[in-house]
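Shown next, in structure tokens, is the structure this report addresses.
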Amino acid sequence: MSTKPLMAAKGLSVHYALRGKLIGPKAYVGAVENVDIEIKAGSFFGLVGESGSGKTTLGRAMLRAAPISRGDVLFDDGEVSYSLKKLGKKELKDYRKRAQLIFQDPYAALSPRMTVRDIIAEPLEVMGLTKNRAETDARVREIAAKCRLNVEHLRRFPHAFSGGQRQRISIARALVSGPKFIVADESVAALDVSIQADVLNLLKAIQQEMGLTFLFISHDLSVVAHVCDHVAVMYLGRIVETAPTRTLFSGPRHPYTKALLSAIPSLDPDDRGKAQKLEGEIPSPTNPPPGCKFQTRCPAAIDRCRVEEPVLETAGVEHKVACHRWQELSD
Amino acid sequence: MSRLIDVENLTLQFDTDEGRITAVDNVSFSLEAGEVMGLVGESGSGKSVTAKSLMKLNPGNAVYGPDSKITLHLADGPVDVLSLKTDREMKIVRGGSISLIFQEPMASFAPAISIGDQMVEQLLIHTSYSKQQAKEVSIEMLDRVGISDPSTRFGQYAFELSGGMRQRAMIAMALSTKPKLLIADEPTTALDVTIQAQVIDLMKDLVSEFGMGIIFITHDLGVIAQTADKVAVMYLGRLVEQGSVRDVIRKPAHPYTRGLLAALPKLDDMDAPLTPIPGDIPSPLERPSGCVYHTRCQEVVGPRCAAEVPEFSNVDEDHFASCHLYDAKGDTA
């Protein structure tokens, strides 16, 4: 497998303007601040964090669906390379074929008035990827089979399907244009465990079969542990730690990652209450604390943390952490 | 411990345009004071409907079976919940002795009435407090669930609070009437793990402090393992397994419970494949005959599974499963 990054965010910031004041500097919310990450071709990259951490915004910026205020995102699939900040209209159209999104809620994502066939065929028609109906149908059937949908399913409407089947339809629609990069934003969060396992297995199988690269956004760390090969942890718009999955789960360095991992409810009824509990909640991004963004909740915060913002440092092979005290704390 | 509630042969059907749908089928369980029962199952398994029956909160097209009986044991004698008719009678179970916490705290507070006014309103209905006393009790309760600056929060509206804070306020409101039984319907599902851990801790503290019974409805077996004393597993309106939390999670007896556990991603074994339960939960309009789970079951014993409804059998002491695997009779077909 190639080790070249398919996607690379370089100093990426996404800012949204707040309701403006007439005088004075424009106020903004930094939803994503100065993020550097590389997603290797063929990897299943997990992005975790609490709600409000900016993970969805980062995913959307990588699809050019959120404004890039500073920095850039570079896309290179071997055929073309794009700087997302400077994409022209025609290039953007081409990029849409190569990067796709799977949504969270399979009930809201599918039009109730379109048949499954039309839902899956729509991207092909909009992007003009097929020449005639026969070709479209052939492509739809091929993708549907990959997503384990039957031919007779194609004639039905979404209401006739269960949550798991609907999510398979959403996946088929995302795959039909032959993308290289897929953002799956909480794609299994709304599903029951048994169906969740089925959809995760399907995503994994498709990724391997079609050589895709996934950005898998989730708040569920046990799901991420199972499917992702690399994980980045976000907090208030910043990446605080990134590492190969195994490294991150066996030796987390950032106090936030440690707290997240210990907050997962254990399946062992005798292992109660040992977790290291995090106090308070994620601060509002309109008014972030000075210094390290995690200092307000960090059990290990010292004076330096309250003034100076830590940068990502190398903590091991492909392992980076943004904490002033990670070395002392890891002993 | 004393018995708090008995549910016997609860059967509940809904009249709909497409016919009569069975939502709950012959479910029995009981709960002691100070006990936490986890009610687990996929969406559509009937767990919320079962819980709402305890407060008779199901809509008008609900038809209870003739043998269904729900008995709430209060200090001044047992109450037959299903025989309650008027709103005035039902005040005992709705918010009086039983409180309910919903999954979505945003949707459970009225948006245009302050949190405090909503808390005071229900105290005035259910207790003999004066308005001033009710306010004091409410603020004290907000403080108790870990909301900082409770007297300011008292005057705020639901939209001004964050998700975790709203869920805490919901819990404070549900507990301020000092209910005997708290029904928590997926109270942590919409929350982040860190906030979920805080809310779980809070609920555990409150059980030991107030000694009430809790029915904790969730699809998250991890949350159950962390909170419940005993577990009841539901599938398509039927109770399929019941037992202590240790027995059910460590030695699941019913194939459905085993399937649920196998489908769960586990952190201590990241290489273990995720095994989905094959197929989908059938539509309530097409309830399978015999054992409701036989259409997806990996351990079908024989034609009996499709023909006969399995009885509840003892797998172990205080551990029951409704499955032909445990019938003493053996397969007769």
Side-chain angles (χ1 to χ4, degrees), chain A residues 48-53 160-165 188-202 204 219-228 245-246 249-250 256 259-284 297, chain B residues 41-45 146 148 162-165 188-198 200-201 204 219-229 231 244-250 256 259-281 283 296:
Chain A
V48 298
E50 290 172 276
S51 26
S53 61
F161 295 91
S162 67
Q165 289 169 320
V188 296
L191 305 175
D192 278 312
V193 275
S194 65
I195 302 162
Q196 171 180 297
D198 180 52
V199 171
L200 288 174
N201 288 344
L202 175 67
K204 234 8 211 183
H219 68 280
D220 189 334
L221 289 140
S222 31
V223 168
V224 167
H226 267 265
V227 295
C228 297
T245 308
R246 253 151 224 293
F249 280 85
S250 58
Y256 179 59
L260 270 187
L261 292 180
S262 77
I264 305 170
S266 157
L267 250 188
D268 180 358
D270 289 319
D271 179 24
R272 287 188 182 179
K274 277 193 237 149
Q276 157 202 359
K277 295 283 154 52
L278 208 52
E279 297 289 319
E281 290 169 31
I282 193 164
S284 156
R297 299 168 79 191
Chain B
E42 288 173 279
S43 7
S45 61
S148 56
S162 66
M165 200 93 88
T188 61
T189 307
L191 305 176
D192 283 310
V193 273
T194 55
I195 310 296
Q196 168 173 293
Q198 293 170 5
I200 287 176
D201 268 9
K204 280 197 270 191
H219 64 271
D220 188 333
L221 285 159
V223 172
I224 290 287
Q226 289 298 303
T227 50
D229 300 311
V231 183
S244 77
V245 66
R246 283 180 187 77
D247 283 347
V248 174
I249 288 186
R250 296 220 181 106
Y256 177 61
L260 278 183
L261 282 160
L264 212 60
K266 284 162 213 75
L267 273 181
D268 45 10
D269 187 2
M270 304 205 300
D271 290 326
L274 301 175
T275 324
I277 299 174
D280 286 305
I281 197 163
S283 146
R296 298 169 77 189

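What you are looking at is a predicted structure, and each value in this text was computed from that prediction instead of being measured. Chain identifiers are assigned alphabetically (A, B, ...) following the order of the sequence lines, protein sequences preceding nucleic acid strands; residue numbering begins at 1 within each chain.
- In terms of heavy-atom pairs under 4.5 Å with chain B, the best-connected choice from A:Val193, A:Leu221, A:Ile282, A:Leu191 is A:Val193.
- Considering every non-hydrogen atom in both B:Met270 and A:Ala225, the closest pair reads SD-CB, 3.4 Å.
- Note: B:Ala228 leads B:Pro273, B:Ala228, B:Gly259, B:Pro278 in heavy-atom pairs under 4.5 Å with chain A.
- The two residues B:Ala263 and A:Ser194 have their closest heavy-atom pair at CB-CA, 3.7 Å.
- For chain B, the nearby parts of A:Ser266 are the backbone and the side chain; heavy atoms of each come within less than 4.5 Å.
- Contact record, A:Ser51 with B:Asp192: OG-OD2, 2.6 Å, taken as the closest heavy-atom pair.
- Only the backbone of B:Asp269 comes within contact range of chain A, with at least one heavy atom under 4.5 Å from a heavy atom of that chain.
- Put simply, the side chain of A:Asp268 reaches to within 4.5 Å of the side chain of B:Arg250, judged on heavy atoms.
- Heavy-atom distances place both the backbone and the side chain of B:Leu221 under 4.5 Å from chain A.
- In this structure, the side chains of B:Asp271 and A:Arg246 come closer than 4.5 Å at one or more pairs of heavy atoms.
- Of the two parts of B:Ser283, neither the backbone nor the side chain holds a non-hydrogen atom closer than 4.5 Å to a non-hydrogen atom of chain A.
- Residues B:Gln226 and A:Asp271 approach most closely at NE2-O, 3.2 Å, considering heavy atoms.
- Across all non-hydrogen atoms, the minimal contact from A:Pro269 to B:Val245 is CB-CG1, 4.0 Å.
- Residues B:Lys266 and A:Ser222 have side chains not in contact (no heavy-atom distance under 4.5 Å, counting atoms from C-beta outward).
- Side chains of A:Gln196 and B:Leu274 form no contact here, defined as non-hydrogen atoms less than 4.5 Å apart.
- For A:Asn201, the part sitting under 4.5 Å from any heavy atom of chain B is the side chain, from C-beta outward, and nothing else.
- Among the candidates B:Val223, B:Leu267, B:Ile200, the residue making the largest number of heavy-atom pairs closer than 4.5 Å to chain A is B:Leu267.
- Within the 4.5 angstrom heavy-atom criterion, atoms from both the backbone and the side chain of A:Leu267 approach chain B.
- For a residue to count as touching a neighbouring chain, one of its non-hydrogen atoms must lie under 4.5 Å from one of that chain's; by this rule B:Ser148 does not touch chain A.
- Contacts of B:Ile281 with chain A are absent, with no heavy-atom separation under 4.5 Å from either backbone or side chain.
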